[in-house]
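These notes are about the structure you will find just below.
In this chain, numbering begins with 1 at the start of the sequence shown.
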Amino acid sequence: MRMRRKPWTEPLLDSCPYLIDSPRDRRGQWRSFFADPEKPLHLEIGCGKGVSTAKMARENPDVNYVAIDEVRHVLAVTIKNVAEAYDGDTVGNLVLSAVDAMFITDSFAPEDSISRIYINFPNPWNEKAKQHKRRLTHPRQLMQYRSFLTPGGEIHFKTDDVPLFTATKRYLEMCGFEILYQTDDLHASGYAPNYVSEHEQLYAGQGIPIHFLIARMGPLPESFSYEVDGHRINQVDVGAQIRRAKAEARAEEADA
C-alpha cells in the first residue's frame, strides 16, 4: 500500500540539506557530497521510510551512504527517522534521492565506485512470469549494478519471499556473483549487525522467517546472455540498451 501524500512532506523535502534533487545530473559525482569522499560508499536501493537506513548510517560513521527510493515524498518520512537517529548531530555520511531503480545507470556511473548495495524486501513480482524482469535482483538489474560496483563489491539482500529468494540465487550466479553467506532464518542465525526495517519488524512479528544473503561480484561469465522484452542482452548497461532499442522501434514506426 502506498503512503498518502501529506502536506508537510514537500516543505520538509525542500529544506533537507542532504536530499539530492536531479540525481541524473549527479551521475559519477556522488562522492563529492561527502566531507571525506574516500570513505567506502554504500547504496541502499528502495529505502522506503528509512528505519533501518537511519540506524545503519548513524552507527557506521566511517561509511558514506546513498539511500534511494522511487517515491520522493516517502523520503520525507526517512528524513524524520534520520533526524531521530542522529538526535541533533550533523548528518554528514548520508544523502537521499528519488531514483527509479529500473534505470539506475542513468544516475550512477563507474566513477561512483559503490562497494556495497543493500536491497531489502523489494516487490517480489510473483503474480505473472512476465513481471519477473521488474525484480530488483533480476539479471536486467544485476547487470546495471555491475557497471558501478567496485571489483569484489557486494550485494546484501533480504526478503520474506521464498520464490524470489530462490530465483535471486540463480540470477546472481548467472551474472557472475558468488554467494558468500545465506540463511533462511536471519533472526535465528545469529548474524550481526542486522539493521531491522519496518517491513522486517512486521514480518518477524508474524513469525515469518527472513531470508538473507551476501553476494560478491566476480568476473562476468563469458557466455552471459539474457533476453529481456524480446531484446538479447549482452551489455552491462541494460537499461540504456533497452531504452535505445525501444526508441529505435518508435522511430521506425513513425517513419513507416
Worksheet item: Taking NZ, NE, NH1 and NH2 as the nitrogens, is one of them in R31 or E111 under 4.0 Å from a carboxylate oxygen of the other?
Response: no
Practice prompt. Could you tell me whether the side chain of F34 reaches within less than 4.5 Å of the side chain of L41, counting heavy atoms only?
Written response: yes
Worksheet item: Roughly how far, to the nearest 0.5 Å, is the NZ atom of K169 from the CD1 atom of I179?
Response: 6.5 Å
Worksheet item: For the rings on F212 and Y191, is their centre-to-centre separation under 6.0 Å?
Response: yes
Worksheet item: Can F165 and L213 be said to form a side-chain contact (heavy atoms from CB on, under 4.5 Å), step by step?
Response: CA-CA 9 Å; F165 194 63; L213 65 77; 3.5 Å; yes
Worksheet entry | Inter-residue atom distance N120.CG - T159.OG1, 0.5 Å rounding | 9.5 Å
Discussion item. Give me the atom names and distance for the closest heavy-atom approach of C47 to T78.
Written reply: SG-OG1, 4.2 Å
Practice prompt. Check whether NZ of the Lys or CZ of the Arg R140 lies under 6.0 Å from the centre of the six-membered ring of Y171 and within 45 degrees of that ring's axis.
Written response: no
Item to complete: Please determine if R58 and D89 form a salt bridge, counting it only when a charged side-chain N lies under 4.0 Å from a carboxylate O.
Response: yes
Worksheet item: Which is it for I20 and W30 under the side-chain contact (heavy atoms from CB on, under 4.5 Å) test, yes or no, and what are the steps along the way?
Response: CA-CA 10 Å; I20 307 303; W30 290 96; 4.0 Å; yes
Item to complete: May I ask you to check if R135 and W125 form a cation-pi contact, with NZ or CZ under 6.0 angstrom from the six-membered ring centre and within 45° of the axis?
Response: no
Worksheet item: For the atom pair CG (D112) and OG1 (T150), what is the distance rounded to the nearest 0.5 Å?
Response: 11.5 Å
Worksheet, complete the sentence: CD1 of I45 to CD of Q144, rounded to nearest 0.5 Å, is 9.0 Å
For a quick test of your reading: what N or O donor-acceptor pairs under 3.5 Å do the side chains of residues 200-209 make, sequence neighbours left out?
| unit_1 | atom_1 | unit_2 | atom_2 | d |
| --- | --- | --- | --- | --- |
| E200 | OE1 | K158 | NZ | 2.7 |
| E200 | OE2 | H187 | NE2 | 2.6 |
| E200 | OE2 | N194 | ND2 | 2.9 |

Practice prompt. Among T137, L136, I114, find the residue that satisfies the side-chain contact (heavy atoms from CB on, under 4.5 Å) test when tested with Y145.
Written response: L136
Practice prompt. List the atom of N81, the atom of A54, and the distance in Å for their closest heavy-atom pair.
Written response: O-CB, 3.6 Å
Worksheet item: Is there a donor in the side chain of S197 and an acceptor in the side chain of S52, or the other way round, less than 3.5 Å apart?
Response: no
Practice prompt. Evaluate side-chain contact (heavy atoms from CB on, under 4.5 Å) for D21 paired with L19, printing each intermediate quantity in order.
Written response: CA-CA 6 Å; D21 290 318; L19 177 71; 4.3 Å; yes
Worksheet item: Do you see a donor-acceptor pair shorter than 3.5 Å between the side chains of H156 and E154?
Response: yes
Item to complete: Might you work through the side-chain contact (heavy atoms from CB on, under 4.5 Å) test for M217 and E178, ending with a clear yes or no?
Response: CA-CA 6 Å; M217 187 176 75; E178 175 191 3; over 6 Å; no
Worksheet item: Roughly how far, to the nearest 0.5 Å, is the CG atom of L142 from the OG atom of S147?
Response: 11.5 Å
Worksheet item: Between N60 and N93, which heavy-atom pair has the shortest distance, and what is it?
Response: O-ND2, 3.2 Å
Response to the item:
Value for CD1 (I79) from CG (L12), rounded to nearest 0.5 Å, stands at 4.5 Å
Discussion item. Applying ring pair (Phe, Tyr, Trp, His ring centres under 6.0 Å) as the test, list every pair that has at least one member in residues 10-29; sequence neighbours left out.
Written reply: none
Practice prompt. Say whether D161 and N126, considering side chains only, have a donor N or O and an acceptor N or O under 3.5 Å apart.
Written response: yes
